[in-house]
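Just below is one structure, and these are the notes that go with it.
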Amino acid sequence: MQSRRNFVKWTAAGLPLLGFVRGAMGREIKKGKKPIVVSTWDGRSVNNAAWETMRSPDMTALDAVEAAARSIEATINCCVGLGGNPDRDGIVTLDACIMDHQFNCGSVAGLERIKHPISVARKVMEDSPHVMFVGAGAQQFALEQGFQLESPQLSETANKTYQEWLKTSEYKPIINIEQTQSRSGKGGPAAPSFLPDGSFNHDTMGTIALDSEGRLSGACTTSGMGFKMRGRVGDSPIIGSGLYIDNEVGAAVATGQGEEVIRVSGTHMIIEFMRQGKSPMKACKKAIERIYKINPSKARKFQVGFIAIDSCGVYGAYSLQPGFSYALKYEDGAGVLKEAESLLK
Ligand code: GLY
């Protein structure tokens, strides 16, 4: 039987992932999947939400990625939505952005007490002349758009984690928090991605999709780094850092330590590498190498992961540290989960 290590190596370097086949005269022809949905971490359930949406004839990739983000925002988990870990002051602040196939985009950062930041981001995109709203202004905009103000109470799990964290008040981002039962706030042994209550434990949820009409879209949603300083914003709501789409080229979304993604405009860089002819996987790898090169010893202490698809539906992923998984859904593939190749072993 093929070992898991070999399987990962094979899919990372092999033809199916790169999506090339030989045509007449030995010419390389790109053969991707269309439609396709790809999400960070074990996003199989959010991919299903996207897929169901995209099956309706009048729904687009944009509707699909919004549905994906909404589905995870509605569950209790450490890192997305109102059930997520709070900042140091005990307040949950949410970041999200969305982008379509025509460079339309919308974003919210530091949004409090609103259940679906991704839908507020879509409203910013569609019903305002702006791209990004932050803090109190973002909340005011959401309320004006008819969103409901939710309770400021932390979820039971987040409150327990926060009380534990207050004992040391140590700020230490956890690598692959989604794979680690981090409820102690101090990391811990590897544990399943699902919490005992069945909810999902992960970092940023990013979803990119290509619909059958060839429209690419993406969504990114997070409560940000747990116990961040008040006012801190990561990469997730920043177009070109957490998410970027250029329909002629492809789509990319990021997860992990936002500061390091912002420093290199991570997803925009990936699109530009793809424009130069790199496959989605190679483009993600080059962006990770750029992050690593800035400070190799520091890079050992955090995680960044990227996923990308090109306009033909060829997909790829790459991460700094091992342990970054991503989920795929396409016509003949029933919810595939893969582990990305990583720079550090
Ligand atoms: N990537 C999520 C964050 O840094 O906030």
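Just so you know, ligand 1 is whichever comes first in the structure, and atom 1 is the first atom listed for that ligand. Since the model is a prediction, treat every value here as computed from it, not as a measurement.
- Sorted by chain and number, the heavy-atom contacts of ligand 1 below 4.0 Å come from D203, T204, G224, M225, R232, G234, D235, S236, G256, G258.
- Side chains of Q163 and N159: a donor-acceptor N/O pair is present below 3.5 angstrom, by distance only.
- For T40 and T255, the side-chain atoms include no donor-acceptor pair closer than 3.5 Å.
- Residues S119 and E66 bring a donor and an acceptor atom of their side chains to less than 3.5 Å of each other.
- Between I208 and I307 the shortest side-chain heavy-atom distance falls below 4.5 Å.
- A distance below 6.0 Å separates the ring centres of F133 and F141.
- Of the listed residues (D87, D89, N85, T93), just one forms a side-chain hydrogen bond (donor to acceptor under 3.5 Å, both in side chains) with K228, and that residue is T93.
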